[in-house]
Structures are given as structure tokens and as C-alpha cells.
Amino acid sequence: METKYLFVTGGVVSSLGKGIISSSLACLLKARGYRVTIQKFDPYINIDPGTLNPYEHGECYVTVDGHEADLDLGHYERFTNIRTTRANNVTTGRIYQSVIDKERRGDYLGKTVQIIPHITDEIKRNVMALGKTGQYDFVITEIGGVVGDIESLPFLEAVRQLRWELENDCLCIHLTYVPYIAAAKELKTKPTQHSVKELQHLGIQPDVLVLRTEHEVPASVRRKIAQFCNVSPDAVVESRDASSIYKVPMLMHSQHLDEIVLRKVGINPVGEPDLGPWKEFLSRMDSATEKVTIGLVGKYVELQDAYKSINEALFQAATYMGHKLDLRYIHSEKVNPANVDSQLSGLDGVIIAPGFGQRGIEGKFTALEWCRTHDIPTFGICLGMQCMVIEFARNVLGLREANSTEMDHATPDNVIDLMEEQKSIHNMGGTMRLGAYRCDLRQGSRAAAAYGATSVEERHRHRFEFNNDYRARFEAAGMQCVGQNPDTHLVEVVEIPALRWFIGTQYHPEYSSTVLSPSPLFMDFVKNAINYKQEKEQNN
Ligand code: GLN
């Protein structure tokens, strides 16, 4: 079949969950046996979100091929099990960079280079790139931002042109907001009408409307919206707040979103999507009563999107282990030796978060010393793993000034140091050690047991590494370097086998954890946190 292109735009306000709607639709189409991919076009000028502070856009996600990407790509992977790449996330910056490179090469043969047609053509080329590989039946393209933003205009013009060129192989889903005015006890449709008018003004008639709302939108209101917006009444779907994002595919399916989309691109929907394993996950989620309490020690805890993939990986693992996740955020800047006991006691497991720079680092060391000496299941991820190494060097090896050269250039014991290949790099963007690398795990290690494998591939995003000059001293004192890259011998995993569960990974296992295939390491961590909790209960 010809590849079908589905565009998802947003209106009224941002943060309506276009990523979740796109992911849910992809999940349903995949469950119907179609080959699906999702891509996101972000209207900002940054080449990628890798240089953005997490306070700006939340977590920076990393694809297997080493692209620093918008966190929505994490949702795409978690909902569909597909692997995204650099081609799945394009920004205005990337589009302009590519057009300007072509201009410098002389590719435009002396023409004046303009937004229309050159920028829009470049956008169209990128929209079609994954489809042209022949690997997909559906390419879902989410356009970031809100209709009406100046910066999204070239993207919407590209969508308009593609709709005209692709005719029935293409459609537009517009996500809007229907607010409820409590004083008037009324749902208001005007913002939706305005937003659709704005889209029509740009030459795009949406085919499907998804109404984000906190209250039920009655059929009469949906009919009114359909009539005012020129959309068929059955193609106005509500997306009410759900208790979990993972219920949204079911909510969309119950209103036939998958069938509506298929029919509109000329496919007769036969049968039902195979959602067995997904429903199984939801039923575990709904039937869980016991909770497991995990503390996440990090410096961006005011902003939960900063640790999106970790939250989701923990949630998936807890659900599979039949437990509710009680996740407590602990601000690393606020942990000190005087309060660490009250901040951490009662937790069943602790995660020491990834991060960059000095701020909050001493709190991580304090938390780690407490976790290590109280033998509580502890998981250090990236900077968290590096902190495990530094804390161990200071308090067990007696190297009191041990540090990472990221925090202290002049440390006498640089147990964490800049990677050799990083020393000549000065640009910030896209220059870390990024993407999936192989890691060999020592036979008999806890990490190997968790994976049930002695060779794994996980994704990375860092510049600093464990300093192998110290390896023998760590191992002799009880911290084992059980995972390493087979080519470069970089240490990827450390663990203290004498403790209940104390593992640090230089890589980010959270990026590859999905609903249907949760991370084995997160599963093992949560399992051990639950065991620890039960042990504590028995001893009480
Ligand atoms: N700042 C550390 C490094 O660059 C860790 C990075 C991270 O936690 N993602 O190596």
C-alpha cells in the first residue's frame, strides 16, 4: 500500500498532549498490524534539544543512533516499541542549516533562497523521508507548538501543500481544548472554533478533531463543533483526562479514532486491533494495591518532565511487579548530613539521577553514603553512577578529595575523568558520547543476572568516564566494574556485590524501557526494592 501521512497539529494552548495522542494512534495502528512510525517537527531554532536546559523543555531523549531528541520521542517508543532515529525529530534549526548549506554549495543555481519554496520544500522532503524508505504504511507527523504561532507557519504551509499533493493518502488531526467554566457550568467551544478557523485561514481543513477536556463533551456539543468546523460528526473525538497516559489508546479506540482514520485514508477497517498485552498491562496497573516507594535524588525535581523516561521506566517496572509506584522527588541541593536520615529513611529504593555540573552534587554524595551504609537498593544512572564511584573513592578508598574533573579540574584523584576523545572538542551541540553502544557484562554479576545476558546494548549521553587507572583499587575494596565496552574498555556498569542491590550504569537504561518491553534492569531494581520492603515489614 501507499504510505499514508497523518499530521497532528495543536490549537488553543500548548501541553494538550499531542505526543500522547500521536503515540496512542500509532499504538492502535500497530496493533492492527500496520508498520508505523512517528516523527516530531519542532519549530524552534536550536538544531536539537541537546543544548537546552531541562527547565526549558524537560528531559532530553536520546535515540539509538545518537540523536538528542525531544522527549515526545520517548512516548513514541514507549507506546509502540518502535526505535526512533535522528530522522524522527527535526527542528527549524536543522531545516535552515540544511538550506543554508545547500545555498553555500551553490545547489540553488543562483536563485534567491526564500521561505517559500525553499524552506517549505526542505520541510516537505523531511516529512516524506521516512515514508520514502518503503518501511512504513503510516507516517505520523506531529507539528510542535500551537497553530497561530509565527514560527510554525512554514511547517503548516508544508502540511497544506502535502495535503494537496497527497490527496487521500494524507489527513490532518487537530487537537484542541474545550474548557469548562465552573461558574457557568458550561463547556466552551469557542476556543476550538477559533483555532480551527486559524487553521482554515492557513488553507488546512482538519479531518479529525480531538477535544482535550476535563469533563465529558456531550454528543450535542460535539455535533455543534462538527458543524461549525466543517468536520464530519463522527470525526469529533473527546480526549478526557485519564488516570494514566497508558489508558489513552483505549479511550481513543472506544471512540473509534483508529477506524475513522483508516476510513478517511481509504482503508476499510476490518477486525479489531490486537491489544491483548496492552490490556494485560492496564489490568495489572488497575489491580495493584501495594505500593513500592522509590526516592529520586536529583536537582531538577521541581520539573517532573526532566526525568520523564526514568519515571516511566519505574512505573512500568512497578506495574509488572504488581505494585503501585510511589515516587518521591528529593532535591539534591537540600540533602545534607544533618537531614539525610529523615529525607531517605522509609524509602524502599533510591535512584541517583543523571545530570551535569556542580549544583546539588554534594547532596548526591551524602545520599549515596547513607544508601551504601544502610544497604538500601540503589540505582545510579550516568552522573548518578559517577557519584557512586566518587563517594566510594572518598569514603571507602580514603581518597578524600576524589572527584570528577567535570566538578574539580584540579582534583588529585580524578576517578571520573573526561573521555580521551572529548579532549579536543569545544562545540557543545551533539558532541557527547551519544547513542547505543555494546556493553559486556561479567558472568555471575547481578547486572548480568538482571538482563539474563552477558552482552547488552544501551544508550549513552556523557562526556566523562570511569578512570581505569583506579580500577584495581575499586575492585579490591568491593566495587566491581562488571560492565565494559568491548572495544574501548570504558566502564559502563559498577556494582557492590556485598550489598542488596547497588548498581550504577554509565548508560541510560530508561530510554529503552517500553510498556510492552520494560527495562530488565529497572525490573530487577524494583523487584529488589519490593523484597527489601517486605523484609523491613517482617522485621517490624
Ligand atoms: N555530566 C556527566 C558527563 O557528562 C554525566 C552526564 C549524564 O548524567 N547524562 O559525563
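Numbering of ligands and ligand atoms starts at 1, following listing order. Residue numbers run from 1 in the order of the sequence given.
Considering both main-chain and side-chain atoms, Leu383 comes within under 3.5 Å of ligand 1 through a nitrogen or oxygen pair. In terms of N/O distances under 3.5 Å, ligand 1 is not approached by Gly357.
In terms of protein heavy-atom proximity, atom 10 (O) of ligand 1 is nearest to Phe464 N, 2.9 Å. Given atom 2 (C) of ligand 1, the protein heavy atom at minimum distance is Glu406 OE1, 3.2 Å. Remark: minimum distance from atom 7 (C) of ligand 1 to any protein heavy atom is reached at Cys382 SG, 2.9 Å. In terms of protein heavy atoms, atom 5 (C) of ligand 1 is closest to Gly355 O, 3.3 Å.
Aromatic ring orientation, His75 versus Phe79: perpendicular (interplanar angle above 60°, classes split at 30° and 60°). Relative orientation of the Tyr470 and Phe474 rings is perpendicular, given thresholds of 30° and 60° on the angle between their planes. Between Tyr246 and Phe315, the angle of the ring planes stays under 30°, which puts this pair in the parallel group of the 30/60° scheme.
Taking every non-hydrogen atom of Arg463 and a distance limit under 4.0 Å, the qualifying atoms of ligand 1 come out as 3 (C), 4 (O), 10 (O). Interface atoms of ligand 1 facing Arg461, defined by a heavy-atom separation under 4.0 Å, are 6 (C), 7 (C), 9 (N). Of all atoms in ligand 1, numbered sequentially from 1 with element shown, those under 4.0 Å from a heavy atom of Pro354 are 8 (O).
The residue Glu465 has no part lying near ligand 1, judged by heavy-atom distances below 4.0 Å. Contacts of His508 with ligand 1, taken as heavy-atom pairs under 4.0 Å, involve the side chain alone.
Side-chain contact, Asn311 with Tyr329: a donor N or O sits under 3.5 Å from an acceptor N or O. With 3.5 Å as the limit, one finds a donor-acceptor pair spanning the side chains of Glu458 and Tyr451.
With values rounded to the nearest 0.5 angstrom, Asp413 atom CG is found 4.5 Å from Leu399 atom CG.
Heavy-atom neighbours of Glu302 CD from other residues, nucleotides or ligands within 6.0 Å: above the threshold of 12.
Contact between Gln506 and ligand 1 is absent, with no heavy atom of the residue lying under 4.0 Å from the ligand.
A cation-pi arrangement is found for Arg433 relative to Tyr437, the charged atom lying closer than 6.0 Å to the ring centre and inside a 45° cone about the ring normal.
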